[in-house]
Amino acid sequence: MILVVDDEGEIQRLFKQIFRKRIRNGELGFQFAQNGVEALQMLRESDAIDMILTDIQMPKMDGLTFLSHLDEFETPIKAVVISAFGDMKNIRTAMNRGAFDFLTKPIDFEDLEITINKTLSFVNELRAQKQQLQSTLERLHSLVFYDQLTGLNNRYGLLQEIAKSIEAKHTKETSFALLKLDVERYSIIKSGFGHALSDRLLIEIARRLEHCDIPAKVVARLENNEFAILLQQVESPSVLESYIQKLHQLFNLPMKLGEISVSSKTHIGAVTNDLEDHQPESFLRAADTAIEYARHSRNCTIFFNESMQRKAAHRLNIEVDLQEAIETKQILVYYQPIVSLTTGKIQGFEALARWPIPNQKWISPLEFIPLAEETGLIIPLGKLILSEACAQMGRWKMQFPDICPSIISVNLSSLQLINETLLEDIDRSLSLAGLTGESLNLEITESVLMENTEAINVLSQLRQRHIGISVDDFGTGYSSLSYLHSLPITSLKIDRAFIKDIHENTNSLEITSMIINLSNQLKLKVVAEGIDKERHTDILRDLDCDYGQGFLFSRPVDAATATALISAQEFCLNR
Ligand code: C2E
Ligand code: MG
Ligand code: MG
């Protein structure tokens, strides 16, 4: 569309006459304005105008002033000035104000047509370029702020929305809450049924979350199986609770994915807007922390509180330090004697990991072992403990050929048990230390054995090497008798929880007695852990318990002190 701006009445008729063919077949279209003011009004009302042909001398607003207003329009438009005042000064001014070309009156219509064609094709090219740029920008925006699988906002999109909510909270009294959700069985479904189906699961959940009957919300997909919902105008904690209930129900409903139907569960980490730190990222981090708690809790929903964040930061520091401590072999092995309750002699030692930190309280294995298990660091850590414990046992064998305790007992975590190189690592540690399998015992907790039924094969291979296998912390798990029967184990270690009050709690006494009977029947050795009173040994000996371990005999000690214990062989056993 070409806008002709001229106060000369004749011009309209002329244009229509000359270009009638092209107007009829739709190639060209003209609109007419009498002056700059009218032309600007028409431009504001329509974005179909590609080109302007303007006179200079006009009432109300002249052509040169009109040109200087064209900047305000975003769509590419080019103006050609037609004037009887074709002097150099006017041409320069028109060009400086963005005119594309300049024609003089009387109009040479042949020249005008060439100019129109040239200008229109230039404008078309500009429009095409602009269009392309626009779609590139839109694509970029979609990639940056939206999840490509579900079409929901992604992390960055969500952060923008959180920022808006924070802003709104500053300006008016409105409250919001951020919920982070996961899809509990996602990885099982993914490994069992493949990417295509697990993607469909995510899409289905995305749709359900979008259509869930919760007002004023933004739904986002974060990484993998994680979603987030930003709720606006949350009137009260009980309203929020009711929304959370709805979300849990939504996950419980079975989802049909092609041939199969699956149902899942979700954990929810919730953050309300009373967080101290008002950065959008802080809300997301708080939700991360809360969902982490929810994953390890019986409650499927956990509300964030500040103490969680401090703990999370502390954990992260420990994780980094632990990795370094393993690499630089700062982790030491301490040894706690396992004593024969009949002879009072040290029958073996349990190797226990210690992490000495200069000028600080040592971190307990109860803290760093679970962390190592979660992060996979237990594999290098376990190897370190295993090789050092075996090496120490080898040294003791050399040093005390006659009175050396016969067994070194090493704790083994679940990840180690299913690690491919376990047998290789054990063989290497034993052979470097000059030991055979009889000298080594591995302690595996009841729950680990129950959860890794496929590990029986590994246990059998360990037994072929005559390596002993103890069920550690026995009594706290749920081993069934038939299961115990089927395992190639050699001893049970009764958990400290039952020993510590065996002298005053008939329940503990009964449990301990039953475990000892059970192990006698299964022809397993039995070790009582956590003996720290004389009375404990008396009772245990009466119950026919073979071995004991506890502070009464010795705390876990470093290698030099353990060496001194072997040579002394004196224990305060009342026999
Ligand atoms: P655990 O294998 O059941 O080890 C026995 C724990 O009871 C040790 O705690 C020991 O110091 C403690 N203990 C022994 N006698 C007494 C007593 O009379 N009274 C009291 N109150 N405690 C006693 P520790 O060394 O803190 O180890 C805790 C747990 O950490 C171990 O329990 C074991 O599960 C794990 N752990 C320690 N070292 C390693 C390791 O090298 N590898 C693996 N996988 N786990 C380890
Ligand atoms: Mg143990
Ligand atoms: Mg134990």
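All ligand and atom numbering here is 1-based and tracks the order in the structure. Keep in mind it's a predicted model, so treat the numbers as computed, not measured.
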Checklist line | Sub-4.0 Å heavy-atom approach of Glu350 to ligand 1 | finding: yes
Ignoring hydrogens and geometry beyond distance, is a side-chain donor-acceptor pair present between [X] and [Y] at under 3.5 Å?
X	Y	answer
Thr301	Asn299	no
Ser413	Glu373	yes
Thr445	Asp473	no
Asn457	Ser460	no

Item checked: Between OG1 on residue Thr512 and CG on residue Leu540, distance to nearest 0.5 Å ->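 So the OG1 of Thr512 and the CG of Leu540 are separated by 7.0 Å.
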Check: Atom CD1 in Ile363, atom CD1 in Ile318: separation rounded to 0.5 Å?
Finding: 4.0 Å
Taking distance alone, with no angle check, do [X] and ligand 1 share an N/O pair under 3.5 Å?
X	result
Arg354	yes
Pro365	no
Glu529	yes
Glu373	no

Considering all protein heavy atoms, does one lie under 4.0 Å from [atom]?
atom	answer
atom 34 (O) of ligand 1	no
atom 6 (C) of ligand 1	no
atom 16 (C) of ligand 1	yes
atom 27 (O) of ligand 1	yes

Next item on the list: Flag the pair Glu374 and Arg315 as a salt bridge only when some basic side-chain nitrogen lies within less than 4.0 angstrom of an acidic carboxylate oxygen.
Entry: yes
Next item on the list: Show all protein N/O/S atoms under 2.8 Å from the Mg ion (ligand 2), or state that there are none.
Entry: Glu350 OE2, Asn411 OD1, Glu443 OE1, Asp472 OD2
Notebook entry, point to check: Can Lys493 and Glu350 be said to form a salt bridge (charged side-chain N to carboxylate O under 4.0 Å, His left out), step by step?
Noted result: CA-CA 12 Å; Lys493 292 190 82 170; Glu350 176 172 2; 2.8 Å; yes
Note to self: Apply salt bridge (charged side-chain N to carboxylate O under 4.0 Å, His left out) to residues Glu306 and Arg310 and explain how you reach the verdict.
What the structure shows: CA-CA 7 Å; Glu306 302 279 343; Arg310 283 194 291 277; 5.4 Å; no
Notebook entry, point to check: Is it the side chain (CB and beyond), the backbone, both or neither of Gln336 that lies under 4.0 Å from ligand 1, heavy atoms counted?
Noted result: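 Side chain only.
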Notebook entry, point to check: Where on Arg555 is there a heavy atom closer than 4.0 Å to ligand 1, on the side chain, on the backbone, on both, or on neither?
Noted result: neither
Notebook entry, point to check: Is there side-chain contact between Arg221 and Ile205, with at least one heavy-atom pair below 4.5 Å?
Noted result: no
Next item on the list: Distance to 0.1 Å, residue and atom name: give those for the protein heavy atom nearest to atom 31 (C) of ligand 1.
Entry: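 The closest heavy atom on the protein side is Leu352 CD2, 4.2 Å.
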Check: Considering residues at least two apart in sequence or located in another chain, which fulfil the ring-ring contact (aromatic ring centres under 6.0 Å, His included) criterion with Phe498?
Finding: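 For Phe498 there are no ring-ring contact (aromatic ring centres under 6.0 Å, His included) partners, ignoring immediate neighbours.
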